[in-house]
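Input: a single structure, listed below in structure tokens.
Chain A is the first sequence line, chain B the second, and so forth, proteins listed ahead of strands; every chain is numbered from 1.
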Amino acid sequence: DKATDPGVPEENWEFIQQFCDRVNADTEGPSLALRLLAHKIQSPQEVEALHALTVLETCVNNCGERFHHAMAKFRFLNELIKVLSPKYYGTWSSEQVKSRVTAVVFSWTVWFPQEVKIQDAYQMLKKQGIVKE
Amino acid sequence: TVSFHDDSDEDLLNV
């Protein structure tokens with residue numbers, strides 16, 4: 001909650017670092033963190049969702065292979081897809097949140113070309129016209 | 001502590 005506090009417009013790097021440390025300290029850390037972050041990224045409060053995306057990207061950079069393995073599952077990718085889809089939360093989330101989610105998934109297709117599920121998820125979004133460019 | 005590693009997954013959501 002402290003790492004994604006919507007009452008604070010600036011990123012709080014100290015709390016973000018503490019979040020990453022806890023992810024790394026626990027065997028179940030990556031899967032638990034991703035469930036929490038998915039929930040926050042789906043928040044209708046734009047600042048909370050944007051903070052959660054920053055935390056997610058920081059974890060991708062700092063939490064290593066176990067985190068990458070968990071985030072490359074459809075279980076988590078589906079939660080990001082829901083933010084973009086008008087059938088799910090697409091009408092609640094702001095354009096800025098949606099464009100950052102799209103950019104994050106696209107960047108993973110580049111940085112993790114071996115993760116087939118990320119490629120599948122992104123191709124599906126393009127095929128359905130949800131990602132246009 | 002014994003930890004159960006769940007390696008299962010869901011299907012890709014159809015939007």
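Listed by sequence position, the residues of residues 29-48 of chain A in contact with chain B number zero, using a 4.5 angstrom heavy-atom cutoff.
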I'd like a table of donor-acceptor pairs (distance under 3.5 Å, sequence neighbours excluded) in which one partner is a side-chain atom from residues 9-19 of chain A, with atom names and distances.
residue	atom	partner	partner atom	Å
A/Asn12	OD1	A/Glu14	N	3.2
A/Asn12	OD1	A/Phe15	N	3.3
A/Gln17	NE2	A/Asp21	OD1	3.1

Mind listing the side-chain donor-acceptor pairs of residues 55-65 of chain A below 3.5 Å, one per line with the distance, residues two or more places apart or on another chain?
residue	atom	partner	partner atom	Å
A/Glu57	OE1	A/Arg100	NH2	2.9
A/Thr58	OG1	A/Thr54	O	2.7
A/Asn61	ND2	A/Glu57	O	3.3
A/Asn62	ND2	A/Thr58	O	2.8

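Taken to the nearest 0.5 Å, the CZ atom of A/Phe74 stands 8.0 Å off from the CG atom of B/Asp11. Rounded to the nearest 0.5 angstrom, A/Lys73 NZ and B/Leu12 CG are separated by 15.0 Å.
At distances below 3.5 Å, at least one donor-acceptor pair connects side-chain atoms of A/Thr109 with backbone N or O atoms of A/Phe106.
A/Trp108 and A/Val116 fall into different hydrophobic clusters, where Ile, Leu, Val, Met, Phe, Trp and Tyr residues are linked whenever their side-chain heavy atoms come under 4.5 Å apart, directly or through other members.
Neither the backbone nor the side chain of A/Leu84 comes within contact range of chain B, judged by heavy atoms closer than 4.5 Å. Heavy-atom distances place the side chain of A/Tyr88, and not its backbone, under 4.5 Å from chain B.
For residues 114-128 of chain A, every residue pair satisfying the side-chain hydrogen bond (donor to acceptor under 3.5 Å, both in side chains) rule, not counting sequence neighbours, is listed here: A/Lys117-B/Asp9.
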